[in-house]
Amino acid sequence: MRHSLSGYSLVLALVATVLNVVTAHTNLYFVGTKDGMNPKGKYIRPYMRNGPIRDLNDPLLLCRSQGMAPELTEIMPVVAGTEVIVEWHHFNATKSDNVISPSHRGPCLVYMAPLESNGLGNSWFKIYEQGFNVERNMWCTDIVRENYGKLAVKIPTKINNGEYILRTEMIALHNARRPGEAQFYPNCVQISVTGATSGNPEMYSIDRLYSATDPGVLFDKKKGGASYVIPGPPVYSP
């Protein structure tokens with residue numbers, strides 16, 4: 001009997017391990033504004049995989065939908081200065097969904113690129129970042145989970161009117177003490193901005209946003225979130 005229970009416990013442990021790996025995954029399910037949300041398949045670019053990107057040279061680092069033609073996704077109208085709300089989930093769009101595993105903690109980042117670039121070349125500028133909130137002792141991923149997957153991001157006013165790719169991203173740092181083990185979860189939305197007043201943000205290539213040795217990519221969580229430096233270029237703030 002003791003041997004049987006031991007074997008049963010081992011099976012349970014293996015199942016728990018597998019489930020923990022599975023729950024690490026996340027994707028955008030909805031995007032919208034305060035006036036309402038839209039499901040994936042409308043303004044969110046179709047994604048090719050649910051799991052993370054670890055290789056910073058992987059073309060899927062763009063949106064996890066590398067090679068997708070812009071005309072295959074509709075374009076959401078947005079007024080500059082207002083908030084776009086994105087909503088991540090793992091299994092389904094319910095409040096019981098875990099969004100992303102509680103162990104997979106890290107920052108949130110949002111970038112924009114002119115749609116005509118399709119994200120290639122020096123076309124990206126950062127509009128939002130949130131790392132570790134010292135006052136609340138929470139990572140951005142914790143706050144997103146607390147908000148049932150939602151994150152609100154204000155669209156800058158000092159940019160040019162036109163069509164853009166909005167690239168949202170969460171980075172899980174639980175294994176990031178080892179090179180190449182930070183987990184990137186990007187997804188992209190297509191938007192059309194009106195009401196802007198023009199601007200000239202400095203732009204970056206997607207394959208040069210991060211390096212494997214950046215302190216925000218190669219990070220030991222034992223150091224504590226207060227010491228964390230968010231990777232990538234500075235947020236565009238004219």
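Worth knowing before you read on, the calculation uses all heavy atoms, side chains too, and leaves out hydrogens, waters and symmetry mates. All figures in this text were calculated on a predicted structure; none of them were measured in a lab.
- His104 is listed as a side-chain neighbour of Gln183, based on a closest heavy-atom distance under 4.5 Å.
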Handout entry: side chain to side chain contact (heavy atoms under 4.5 Å, CB included) between Leu173 and Lys221, worked out
Key = CA-CA 7 Å; Leu173 300 169; Lys221 64 182 181 181; 5.7 Å; no
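- Under a 3.5 Å cut-off, the side chain of Arg145 and the backbone N or O of Asn98 do form a donor-acceptor pair.
- Remark: the backbone N or O of Pro233 is paired with a side-chain donor or acceptor of Lys126 at under 3.5 angstrom.
- Cluster annotation: Val110 is not connected to Ile143 through the hydrophobic network of ILVMFWY side chains, with a link wherever side-chain heavy atoms come within less than 4.5 Å.
- Under the 4.5 Å side-chain contact rule for hydrophobic residues, Leu218 and Ile53 do not share a cluster.
- Summarising the geometry of Ile171 relative to Ala182, their closest heavy-atom pair is CG2-CB, 4.4 Å, with the distance given to 0.1 Å.
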Exercise for the section: Give the intermediate values and the outcome of side chain to side chain contact (heavy atoms under 4.5 Å, CB included) for residues Tyr236 and Ile159. Expected result: CA-CA 10 Å; Tyr236 172 56; Ile159 58 175; 3.7 Å; yes
Handout entry: Derivation of the side chain to side chain contact (heavy atoms under 4.5 Å, CB included) call for Leu115 and Ile75
Key = CA-CA 10 Å; Leu115 183 60; Ile75 300 172; 3.7 Å; yes
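- Expressed to the nearest 0.5 Å, how far SG of Cys188 lies from CG of Leu166 amounts to 8.0 Å.
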Practice task
Kindly indicate, with the supporting measurements, whether the criterion ring pair (Phe, Tyr, Trp, His ring centres under 6.0 Å) is fulfilled by Tyr204 and Trp124.
Solution key: CA-CA 5 Å; Tyr204 303 84; Trp124 294 96; over 10 Å; no
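- Once rounded to the nearest 0.5 Å, the distance linking CD1 of Ile165 with CG of Leu120 reads 8.0 Å.
- At a threshold of 4.5 Å between side-chain heavy atoms, the hydrophobic network of Ile, Leu, Val, Met, Phe, Trp and Tyr places Leu109 and Val235 in two separate groups.
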Exercise for the section: Please test Val31 against Met76 for side chain to side chain contact (heavy atoms under 4.5 Å, CB included), starting from the C-alpha separation and ending with a verdict. Expected result: CA-CA 9 Å; Val31 63; Met76 185 177 78; 3.9 Å; yes
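- A distance of 7.0 Å separates CG in Leu62 from CZ in Arg45, rounded to the nearest 0.5 Å.
- When atom types are taken as modelled, the side chain of Thr82 and the backbone of Val79 share a donor-acceptor pair closer than 3.5 angstrom.
- Closest approach of Val217 to Pro231, counting heavy atoms only: CG2-CB, 4.0 Å.
- Put simply, the side chain of Gln190 gets close to the backbone of Pro70: a donor and an acceptor are under 3.5 Å apart.
- Side chain of Arg54 to backbone of Phe184: no donor-acceptor contact under 3.5 angstrom is found.
- Using modelled atom types and a 3.5 Å distance limit, the side chains of Asn27 and Arg64 yield a donor-acceptor pair.
- Between His25 and Tyr185, the angle of the ring planes lies from 30° to 60°, which puts this pair in the tilted group.
- For Ile127 against Pro156, the heavy-atom pair with the smallest separation is CG2-CG, 3.7 Å.
- Rounded to the nearest 0.5 angstrom, Thr73 OG1 and Ile44 CD1 are separated by 9.5 Å.
- Here the side chain of Tyr29 pairs a donor or acceptor atom with the backbone of Phe91 at under 3.5 angstrom.
- The existence of a salt bridge linking Glu146 and Arg136 is confirmed by a sub-4.0 Å separation between a basic side-chain nitrogen and an acidic carboxylate oxygen.
- Gly131 and Pro107 get closest at one heavy-atom pair: CA-CB, 4.0 Å.
- Annotation for Ser123 and Met203: closest pair O-SD, 3.6 Å, computed over non-hydrogen atoms.
- A donor-acceptor contact shorter than 3.5 Å links the side chain of Asp142 to the backbone of Trp139.
- The main-chain N or O of His89 is never found under 3.5 Å from a side-chain atom of Asp97 such that the two would form a donor-acceptor pair.
- Linking Ile, Leu, Val, Met, Phe, Trp and Tyr residues whenever their side-chain heavy atoms come within less than 4.5 Å places Val153 and Val144 in a single cluster.
- Using a distance-only test at 3.5 Å, with no hydrogens or angles considered, no donor-acceptor pair links the side chain of Asp214 to the main chain of Gly216.
- Of all non-hydrogen atoms in Leu60 and Asp58, the two that sit nearest each other are N-OD1, 2.9 Å.
- Phe219 has its ring centre less than 6.0 Å from the ring centre of Tyr228.
- Between the CD1 atom of Ile155 and the CD atom of Glu83 there is a distance of 9.5 Å, given to the nearest 0.5 Å.
- For the atom pair Met170 CE and Cys140 SG, the distance stands at 8.0 Å (nearest 0.5 Å).
- Residue pairs satisfying the side chain to side chain donor-acceptor pair (under 3.5 Å) criterion with at least one member in residues 152-172, sequence neighbours excluded, are listed as follows: Arg167-Glu169, Glu169-Tyr210.
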